[in-house]
Amino acid sequence: QRMTLSCALPVWQVILNLLGDSKNENPIMLSGKAMNQDDSLAAATASNNHTARYSIYFCKAFLAVLFGSWSTAREMLEALKPFERTFKDHFVSYVIKLFNGLVAYENFRRTNKKQFLVKGRQVIKAMKAWSDSGAITCTAFLRMLEAEDAATKGNMTDTAKAYDKAIEACKESKMTPFEALACERAGTFMLREKMTLLTEGYLTRALALYRTWGARTKRNRLGLLLQGLPTASRANMNMTFHQTMATNARTIPSDANAAAFGPRKNYGRGSRYSNFDVSMQTESFAMDDAFLPEGPSPLLQTPY
């Protein structure tokens, strides 16, 4: 029972961090109501509890990737390497491989060192082999990494299509956290390219997905980024965001100067936006607990 508890506490602390209920204000620190990161890791090491250490390292890596702390993510992924063979058949091994790829591409973007690009493409090769062998989860992760690779080549159209495929693959796999992450990655890419309207579209969909998942802390931080976008109508909004929900309509805003991002323009199935699959809906809300769905948080209902 103690071993089971030691493995479950890091997951519980992740949930608390995402809900904003942690005593620690740093969301990537596994210290709060459920556990103390340093004490738990010391106890797991002293008792030779490899499973508990694996759980701590993985949960911290998950939070680091989610909140963009890439140096911490890289550190945790290095710490997980000795456990690769022991846990190679565990479902989170696919997630860890995804994180390795994301960290590699992020490091390449920041340093322009080819070694990181090579590593990212090695991860894609491994993920493709898993996907081809029937690991359905890996297909969505493969699409996410292919989008990151497309972003390194500088072709805006190909990159947009690749991110749209990744988002759709995550949606089909019903992996809301990763669908949100894919939208956020697409949005931050568009932000770097100064494509304000596309940035708004991707990030507002990510915001809605984080809301659906129940990740209050992540939602609030992304909301602040959205609020600061240099959009014509933003100055007239008070904590207002475009709550983007997946629907059958395939639309994006067509005029940056239109009030509340209207009118909207429809794009056909053959266009580069055909997989964007969102409709822009304007809804004002305060960044508080009222924005969460009623009832138990979806965080308590997902293995991720």
Side-chain angles (χ1 to χ4, degrees), residues 14 18 58 61-68 73 90-106 120 123-124 126-151 158-191 198-215 218-219 222 226 243-250 252 269 272-279 293 297-299 301-304:
V14 166
L18 292 175
F58 171 76
F62 178 84
L63 290 172
V65 169
L66 194 63
F67 287 97
H90 197 277
F91 72 92
V92 299
S93 62
Y94 301 140
V95 183
I96 292 171
K97 185 65 76 173
L98 169 67
F99 290 169
N100 273 292
L102 291 177
V103 168
Y105 280 108
E106 187 65 26
V123 174
I124 286 180
M127 199 71 78
K128 188 177 187 307
W130 284 339
S131 177
D132 291 344
S133 66
I136 299 175
T137 301
C138 292
T139 301
F141 293 164
L142 173 62
R143 297 290 175 259
M144 290 179 69
L145 294 176
E146 287 175 340
E148 297 296 324
D149 191 74
D158 289 347
T159 302
K161 287 181 178 179
Y163 274 120
D164 289 344
K165 287 181 180 179
I167 293 166
E168 187 63 25
C170 290
K171 179 182 176 182
E172 289 179 356
S173 298
K174 301 186 184 303
M175 296 190 295
T176 301
F178 295 101
E179 183 184 353
L181 182 60
C183 289
E184 185 181 0
R185 295 292 295 172
T188 53
F189 169 78
M190 295 301 172
L191 182 60
L198 289 177
T199 298
E200 182 91 12
Y202 283 118
L203 292 186
T204 49
R205 178 169 176 177
L207 188 74
L209 289 165
Y210 284 129
R211 174 200 180 187
T212 299
W213 187 34
K218 179 64 183 177
R219 177 210 70 200
L222 185 60
L226 261 171
Q243 186 178 334
T244 307
M245 306 299 290
T247 66
N248 290 330
R250 289 176 167 85
I252 64 170
R269 186 173 295 273
R272 80 180 244 201
Y273 303 109
S274 61
N275 290 322
F276 196 60
D277 197 23
V278 298
S279 63
S297 167
L299 282 168
Q301 305 167 22
T302 173
Y304 302 106

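All residue numbers refer to positions in the sequence shown, counting from 1. When reading the values below, keep in mind they use all heavy atoms of this one structure, side chains included, and skip hydrogens, waters and symmetry mates.
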Go through the steps to decide whether Arg211 and Leu207 satisfy the test side-chain contact (heavy atoms from CB on, under 4.5 Å), and finish with yes or no. CA-CA 6 Å; Arg211 174 200 180 187; Leu207 188 74; over 6 Å; no
Verdict with supporting geometry, Phe91 and Thr137, side-chain contact (heavy atoms from CB on, under 4.5 Å): CA-CA 9 Å; Phe91 72 92; Thr137 301; over 6 Å; no
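- For the atom pair CZ of Phe141 and CE of Met175, the computed distance is 4.0 Å after rounding to the nearest 0.5 Å.
- Considering every non-hydrogen atom in both Ala206 and Ala180, the closest pair reads CB-O, 3.6 Å.
- The shortest heavy-atom contact between Tyr105 and Leu145 is CE1-O, 4.0 Å.
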side-chain contact (heavy atoms from CB on, under 4.5 Å), that's the test. Do Tyr202 and Leu191 meet it? Break it down for me. CA-CA 10 Å; Tyr202 283 118; Leu191 182 60; over 6 Å; no
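- Taken from CD in Glu146 to CG in Asp158, the straight-line distance is 12.0 Å, to the nearest 0.5 Å.
- No option in Val92, Val123, Leu102, Ile124 other than Val123 meets the side-chain contact (heavy atoms from CB on, under 4.5 Å) test with Lys97.
- In this structure the side chain of Leu18 reaches within 4.5 angstrom of the side chain of Phe67, judged on heavy atoms.
- Between the side chain of Thr188 and the main chain of Glu184, a donor-acceptor pair closer than 3.5 Å is present.
- Between the NZ atom of Lys218 and the CG atom of Leu209 there is a distance of 12.5 Å, given to the nearest 0.5 Å.
- For the pair Tyr163 and Ala182, the tightest heavy-atom approach, listed with the atom from each and the gap, is CD2-O, 4.1 Å.
- Taking both residues in full, the closest heavy atoms of Tyr94 and Ala135 are given as OH-CB, 4.0 Å, listed atom of the first, atom of the second, then distance.
- In this structure, Arg205 CZ and Ile167 CD1 are separated by 5.5 Å, a value rounded to the nearest 0.5 Å.
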Could you walk me through whether Met144 and Met127 pass the side-chain contact (heavy atoms from CB on, under 4.5 Å) check? CA-CA 11 Å; Met144 290 179 69; Met127 199 71 78; over 6 Å; no
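- Relative orientation of the Phe99 and Phe178 rings is tilted, given thresholds of 30° and 60° on the angle between their planes.
- Put simply, CD1 on Ile136 and CH2 on Trp130 are 15.5 Å apart, with the number rounded to the nearest 0.5 Å.
- Nearest heavy-atom pair across Thr159 and Ala147 is CG2-O, 4.3 Å.
- A donor-acceptor pair under 3.5 Å is formed between the side chain of Asn100 and the backbone N or O of Ile96.
- Salt-bridge check for Lys165 with Glu168: failed, with every basic side-chain N at 4.0 Å or more from each acidic carboxylate O.
- Closest approach of Ala73 to Val65, counting heavy atoms only: CB-CG2, 3.9 Å.
- Note that OH of Tyr210 and CG of Leu222 are 7.0 Å apart. Values are rounded to the nearest 0.5 Å.
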